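Since this is a predicted model, take the numbers as computed values, not measurements. These numbers come from the heavy atoms of this one structure, side chains and all, not from hydrogens, waters or symmetry mates. Convention: sequence-line order gives letters A, B, ...; per-chain numbering from 1.
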There are 2 protein chains.
Amino acid sequence: MNDSIETLKEGRKGRQRKAQRTGCAVEVTLSVIGGVWKPVILFHLLQGKLRFNELCKRTSSATPRMMTLQLRELESDGIISRTVYAEVPPRVEYELTETGRSLEPILLTMRDWGSRYQSQ
Amino acid sequence: MNDSIETLKEGRKGRQRKAQRTGCAVEVTLSVIGGVWKPVILFHLLQGKLRFNELCKRTSSATPRMMTLQLRELESDGIISRTVYAEVPPRVEYELTETGRSLEPILLTMRDWGSRYQSQ
DNA sequence: CTGGATCCTTCTTGATACTG
DNA sequence: CAGTATCAAGAAGGATCCAG
């Protein structure tokens with residue numbers, strides 16, 4: 001009927017695909033923030049820019065490897081920006097872009113729903 | 001720092017865990033609707049009850065196996081209800097529960113964001 | 001500190017065939 | 001129709017070591 005899930009799955013790593021001849025825009029959103037890590041990362045970035053290690057700690061102690069992979073994808077989707085400071089020791093800060101901040105309603109709604117669900 | 005992602009991951013199949021001593025309720029939500037299939041399934045169910053095969057077709061031609069797995073998890077989380085009609089041929093209908101319908105804001109916001117993102 | 005590169009194990013998913 | 005069972009392939013994730 002459509003190939004949007006294929007697009008979606010490839011989107012989780014094989015980026016750059018457009019297709020989406022589906023009518024279900026939900027799948028588009030999932031292709032960008034889908035997965036278990038990204039929404040959490042983005043949620044923490046709502047508070048402001050954060051450094052790499054800080055993000056690792058806040059995201060349930062994600063391993064550097066996973067964090068790097070997720071951040072790269074988010075960056076290539078234009079959701080976050082990456083700023084490298086030429087210092088010693090190195091410092092890299094991640095920040096939401098304009099597009100990234102537009103996800104705020106989704107993330108906040110998810111947080112609120114989670115709170116309510118948790119307390120039954 | 002916390003084990004919420006562990007909880008979250010187990011939540012994707014090993015259900016029944018509470019823990020969540022994190023402050024990030026987003027992870028709670030993700031433990032329920034996380035993954036690539038569930039939000040799409042739920043989105044389609046917003047329109048009303050649907051039969052098994054109908055759901056398969058609408059969710060990017062998901063295989064029966066995947067659909068069964070996802071539906072079972074959603075059911076055990078109290079998000080959807082499953083009604084079996086004693087007929088020939090068999091008919092099973094899935095429907096959002098009260099809790100499930102409370103996800104509507106999230107799903108609609110995701111759809112809207114996807115539309116906007118798609119058109120840049 | 002911020003990752004890149006590998007290796008290796010586990011989980012997830014698809015394909016296929018079969019049943020009530 | 002609405003699943004279930006099984007097998008095999010592939011992807012995802014953890015651990016570890018190394019580098020600018």
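- Toward the 5' end of DNA chain C, the nearer of the two residues A/R91 and B/T63, judged by each one's closest nucleotide, is A/R91.
- Side chains of B/T83 and B/E95: a donor-acceptor N/O pair is absent below 3.5 angstrom, by distance only.
- Atoms CD (B/E93) and P (D/dG3) sit 11 Å apart, rounded to a whole Å.
- Every residue meeting the side chain to side chain donor-acceptor pair (under 3.5 Å) condition with A/R82, not counting sequence neighbours, appears here in chain and number order: A/Y94.
- A search for side chain to side chain donor-acceptor pair (under 3.5 Å) contacts involving B/R116 returns nothing, not counting sequence neighbours.
- Residues that satisfy the side chain to side chain donor-acceptor pair (under 3.5 Å) test with B/Q120, not counting sequence neighbours, are absent from this structure.
- Between the P atom of C/dT12 and the CD atom of B/E73 lies a distance of 9 Å, rounded to the nearest Å.
- For B/S102, the side chain to side chain donor-acceptor pair (under 3.5 Å) partners at least two apart in sequence or on another chain are A/W113.
- The distance between atom CE of B/M66 and atom P of D/dT6, rounded to the nearest whole Å, is 18 Å.
- An end-to-end axis angle of 50° holds for the helix from C/dC1-D/dG20 to C/dG20-D/dC1, taken from five base pairs per end and rounded to 10°.
- For A/R91, the salt bridge (Lys or Arg N to Asp or Glu O under 4.0 Å) criterion is met by A/E87, A/E93, not counting sequence neighbours.
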**OP:** Any chance you could lay out the side-chain contact (heavy atoms from CB on, under 4.5 Å) test for A/I41 and A/I80, step after step, and finish with the verdict?
**Re:** CA-CA 10 Å; A/I41 293 172; A/I80 64 174; 5.9 Å; no

Please report, to 0.1 Å, the donor-acceptor pairs under 3.5 Å made by any side chain of residues 47-55 of chain B, with sequence neighbours excluded.
from, atom 1, to, atom 2, distance (Å)
B/R51, NH2, B/P90, O, 3.3
B/E54, OE2, B/R58, NE, 3.0
B/E54, OE2, B/R58, NH2, 3.4

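- When the P atom of C/dC1 is taken as reference, atom CE of A/M67 falls 15 Å away, rounded to whole Å.
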Which atom pairs link the protein and nucleotides 3-7 of chain C when you take only N or O atoms and keep those under 3.5 Å?
from, atom 1, to, atom 2, distance (Å)
C/dG3, OP1, A/R82, NE, 3.3
C/dG3, OP1, A/R82, NH2, 2.3
C/dG3, OP2, A/Y94, OH, 2.4
C/dG4, OP1, A/R72, NH2, 2.7

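- At the heavy-atom level, A/P90 lies under 4.0 Å from base atoms of the strands shown.
- Put simply, CH2 on A/W37 is 7 Å from P on D/dG13, counting in whole angstrom units.
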